[in-house]
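Notes to accompany the following structure.
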Amino acid sequence: MAAFRQAETDGADGIELDVHLSRDGRVVVVHDDTLERTTDGRGPVEAMAAGELGVLDAGSWFAPCFQGEPLPLLEEVLAWAGERLRINVEIKTPRAGLAVLKLLRAYPSVRAMVSSFDHGLLQALRRSDSRLPLGFLTDSRLWRGTVRRAAACGAESVHPRHEFVSESLVAACRQKGLRLFAWTVDDPARLERLLKLGVDGVFSNDPGMVRRHLDAR
């Protein structure tokens, strides 16, 4: 939550987060499916109940001043964000996808979308909800299949790795009515190149840099 609050302060339009399910089926905001890298816990996220996950230290790995920062539940983030920020929820498993879909329905005022590298999972979610905004992630130079699947699914956007953005990819997204958001852009020179290519936005670990660059153009 400290990172999300800072992103808003720095001028981000939204936040991106990854989720996994706890043992008792709660949607927990954590990038990895295991705990060792970013918390003082051990083992798979899904092996622990939400209450057990909630007392782990998820901040010390980043900096001592964040010691004691907990893993939030997705519902906490949704309640905090309200209508102010767009929430991009990246999911990796069908079980988590259905849990996220149920939770988003409980927060209808939140501006949320679901993204994934698992395009079959996104297609399954589309069958469950015809209006859910979807983002098709890709980290491949072979992007044509991603654009084709995203368009067929009625997705909102395609999210390519920033190195793979080209004039032809931007043109293909425009032709299909898809928005394009590149990840992860932390360099001003790279950001400027992408803006000139015509991307709709970027994901960044440094939203303050992006905001300053946009304001100075």
Practice item. To the nearest 0.5 angstrom, please state how far the CG atom of L197 sits from the CZ atom of R193. Key: 5.0 Å
Review point. Okay, side chain of W183, backbone of H159: is any donor-acceptor separation there less than 3.5 Å?
Key: yes
Review point. Step by step, would you call F203 with H162 a side chain to side chain contact (heavy atoms under 4.5 Å, CB included)?
Key: CA-CA 9 Å; F203 298 93; H162 71 83; over 6 Å; no
Review point. How long is the gap from CG on L103 to CG on L74, to the nearest 0.5 Å?
Key: 5.0 Å
Point to revise | Inter- and intrachain pairs under salt bridge (Lys or Arg N to Asp or Glu O under 4.0 Å), touching residues 114-143, at least two apart | key: R105-D129
Point to revise | Heavy-atom neighbours of E8 CD exceed 12 at 6.0 Å | key: yes
Study note, to complete from the structure: To the nearest 0.5 Å, atom CG of L104 lies from atom CG of L78 at 6.0 Å
Exercise for review: Could you tell me whether the side chain of F4 reaches within less than 4.5 Å of the side chain of V77, counting heavy atoms only?
Suggested key: yes
Study note, to complete from the structure: Shortest non-hydrogen pair, G68 vs S60, comes out as N-OG, 4.4 Å
Revision key, fill the gap. d(R5 CZ, I15 CD1) to nearest 0.5 Å is 10.5 Å
Review point. Run the side chain to side chain contact (heavy atoms under 4.5 Å, CB included) check on D13 and R211 step by step: do they pass?
Key: CA-CA 9 Å; D13 301 296; R211 178 57 62 192; 3.2 Å; yes
**Study point:** salt bridge (Lys or Arg N to Asp or Glu O under 4.0 Å) contacts in which one or both residues fall within residues 25-45, not counting sequence neighbours
**Key:** R26-E75, D32-R37
Practice item. Answer with yes or no whether the hydrophobic clustering places L125 together with L178; edges join I, L, V, M, F, W, Y residues whose side-chain heavy atoms lie under 4.5 Å apart. Key: no
Check your understanding: Any donor and acceptor pair, going by atom type alone, linking the side chain of E69 with main-chain N or O of M1 inside 3.5 Å?
Key -> yes
Review point. Are the charged groups of R212 and D10 less than 4.0 angstrom apart, N to O?
Key: no
Check your understanding: Any idea which heavy atoms bring R23 and A49 closest together, and the distance?
Key -> NH2-CB, 3.5 Å
Check your understanding: Should I87 and L73 be regarded as members of a common hydrophobic cluster, given that ILVMFWY residues are connected when their side-chain heavy atoms come within less than 4.5 Å of each other, either directly or indirectly?
Key -> no
Review point. Under a single-linkage definition using a 4.5 Å side-chain heavy-atom cutoff for Ile, Leu, Val, Met, Phe, Trp and Tyr, are L101 and M113 assigned to the same hydrophobic cluster?
Key: no
**Study point:** Validation row: L35, L53 side chains within 4.5 angstrom (heavy atoms)
**Key:** yes
Practice item. Please work out which of the three classes, parallel, tilted or perpendicular, describes the rings of H119 and F136, given edges at 30° and 60°. Key: tilted
Point to revise | Sidechain-backbone polar pair: R111 side chain, R84 backbone, donor-acceptor under 3.5 Å | key: yes
Check your understanding: If you round to the nearest 0.5 Å, how far is CD1 of I91 from CG of D18?
Key -> 10.5 Å
Practice item. Answer yes or no: does atom CD of E163 have more than 12 heavy-atom neighbours from other residues, nucleotides or ligands under 6.0 Å? Key: yes
Practice item. For S166 and S168, run side-chain hydrogen bond (donor to acceptor under 3.5 Å, both in side chains): C-alpha distance rounded to whole Å, both residues' side-chain angles, the deciding distance at 0.1 Å, then the answer. Key: CA-CA 5 Å; S166 62; S168 55; 3.0 Å; yes
Exercise for review: Of all the heavy-atom pairs spanning L137 and S115, show the shortest one and how long it is.
Suggested key: CD1-OG, 3.8 Å
Point to revise | Whether R179 side chain and D200 backbone form a donor-acceptor pair below 3.5 Å | key: no
Point to revise | Heavy-atom closest pair, residues A12 and L85 | key: O-CD2, 3.5 Å
Check your understanding: Would a 4.5 Å heavy-atom cut-off, applied to side chains only, mark F181 and S157 as touching?
Key -> yes
Point to revise | Pairs flagged by ring pair (Phe, Tyr, Trp, His ring centres under 6.0 Å) wherever residues 38-63 is involved - sequence neighbours left out | key: F62-F66
Review point. Roughly how far apart are E83 CD and S109 OG, rounded to 0.5 Å?
Key: 5.0 Å
Check your understanding: How about L195 and H213: do any of their side-chain heavy atoms sit closer than 4.5 Å?
Key -> yes
Check your understanding: Side chains of L21 and E46: does their closest heavy-atom pair fall under 4.5 Å?
Key -> no
Check your understanding: Heavy atoms, side chains only, cut-off 4.5 Å: are L191 and M209 in contact?
Key -> yes
**Study point:** Which atom of V27 lies closest to which atom of V100, heavy atoms considered
**Key:** CG1-CG2, 3.9 Å
**Study point:** Shortest non-hydrogen contact between V147 and K176, atoms and distance
**Key:** CG1-CG, 3.9 Å
Practice item. For S204 and V185, indicate whether the former's side chain and the latter's backbone hold a donor-acceptor pair under 3.5 Å. Key: yes
Exercise for review: Taking only Lys NZ, Arg NE, NH1 and NH2, and the carboxylate oxygens of Asp or Glu, determine whether R86 and E156 approach each other closer than 4.0 Å.
Suggested key: yes
**Study point:** Within one Ile-Leu-Val-Met-Phe-Trp-Tyr cluster: L17 and L122, side-chain cutoff 4.5 Å
**Key:** yes
Check your understanding: Under 4.5 Å between side-chain heavy atoms, hopping through other hydrophobics if needed: is there a path connecting L169 to V202?
Key -> yes
